[in-house]
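Presented below is the structure to which this report refers.
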Amino acid sequence: MDGASVNIFVIVQKIYYPFLCIVGIPANLFTFYMICFRKCGMSETAGIYLSCLAIVDTFYLVWVILVDLTLTFWLLQPFWHSHPWCGILGFLQYGSLYSSCWIVVVFTIERYLVLRSTGAKQHFSQAWVTKLICLAVILVSHLASVPLAWINIVSPVNLTVGRENVTLPRCHYRNETYSTVIVWITTFLSGGIPIVLVIIFNYLIGYHLCRSTNLFTKEELRIIHGRNTRGMLRRTILLLGTVSVAFVVLSLPRFVTYCILRTQYNNENFNRNDYSIPINVAGDLANMLQNLNSTTNFLLYCMVSSRFRRELLQVVTCNAKARELGSVLTHTTMKVYSIVDHKAPQTRGTVNVVLTNLKQTE
């Protein structure tokens, strides 16, 4: 890239990362509200997984996008170029990254087990089990990120500011074997392994759903599930496919470029900020894509869930949803006149009849 292209690329990143924060953080928080406090047509366990994902994605946006990348492009000396923030920020960043990736993986595996086993369905359908699983994923993710607090070191670095040479403390990569091993492990735990597991289990879910429909004829399926069985199947596969494709497409480029940087260009003299080297440009573009992954869930839910869109429209337009009449009618006592007992002599009196278990029909 020439000088003009480099300047344009830097300007794009200076605008892109604050824009992700401005859009992504409110979107994730609003998604959390919609899932927890509105009836979006999701099961209770799915709502717990997705609401938990919205929260950890919000923390990822705060630690990685706002505190790290945004301040890097807009401030000469962010506060985390000092002790102890250099190590603390690395711990928080990778803790939120692990949590986001593995909640998606665990949720995908849980959906597959529920489809395959009745016992698993009864076990995982309990809300407290799902909450414990999400809490365990977050705790283990942050425990696994503790070693990453020592992969960076703060040391004085000579920089050119304007036309003057200054020496400033900088939080930068510790070029030692320990750091290299930890970074490689992290690369696979946050990229390679989750991507492979999501692809495998989404394929198994789709295969299981397709195979289950082939066990019955169209008439039997209509009797068991209703006339919209195949439409439901298509929507389910579309939902799973959309989420998995978004996760893989947005995460895979960073995994590939990071592996290249750590194998072909892993030396102390390599300048990661030199955009005349194509791999540096590709690496930053891959980072931009992966960071976008933490802001797209709201859009994905709007695309594939008509119930979510309907609830969203009601919230935006401030229309209160009408209460269902079924619960009211269930315990309603009605007086019906002109009903007499055929064995008793006819009278002009009235008989009080109590109607219970009424159901609203649509």
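- A continuous path of ILVMFWY side-chain contacts below 4.5 Å connects L89 to I25, so both sit in one hydrophobic cluster.
- Of the possible polar contacts, none joining the S100 side chain to the L97 backbone as a donor-acceptor pair under 3.5 Å is found.
- Side chain of N280 to backbone of N271: a donor-acceptor contact under 3.5 angstrom is found.
- Between the side chains of T45 and R111, a donor-acceptor pair is found at a separation under 3.5 Å.
- Nearest heavy-atom pair across C259 and T263 is O-OG1, 2.8 Å.
- Checking side-chain atoms of S145 against main-chain N and O of F91 turns up a donor-acceptor pair under 3.5 Å.
- As summarised for C86 and C171, their two SG atoms come within a distance smaller than 2.5 angstrom, satisfying the threshold.
- The backbone N or O of P147 sits less than 3.5 Å from a side-chain atom of Y178, completing a donor-acceptor pair.
- Taking the six-membered ring for Trp and thresholds of 30 and 60 degrees, Y33 and F30 have ring planes inclined between 30 and 60 degrees apart.
- Taking the centre of each ring, Y98 and H142 stay at or above the 6.0 Å mark.
- Residue R262 comes nearest to V183 through the heavy atom pair NE-CG1, 3.8 Å, listed as atom of the first residue, atom of the second, then distance.
- For the pair P194 and L189, the tightest heavy-atom approach, listed with the atom from each and the gap, is CG-O, 3.1 Å.
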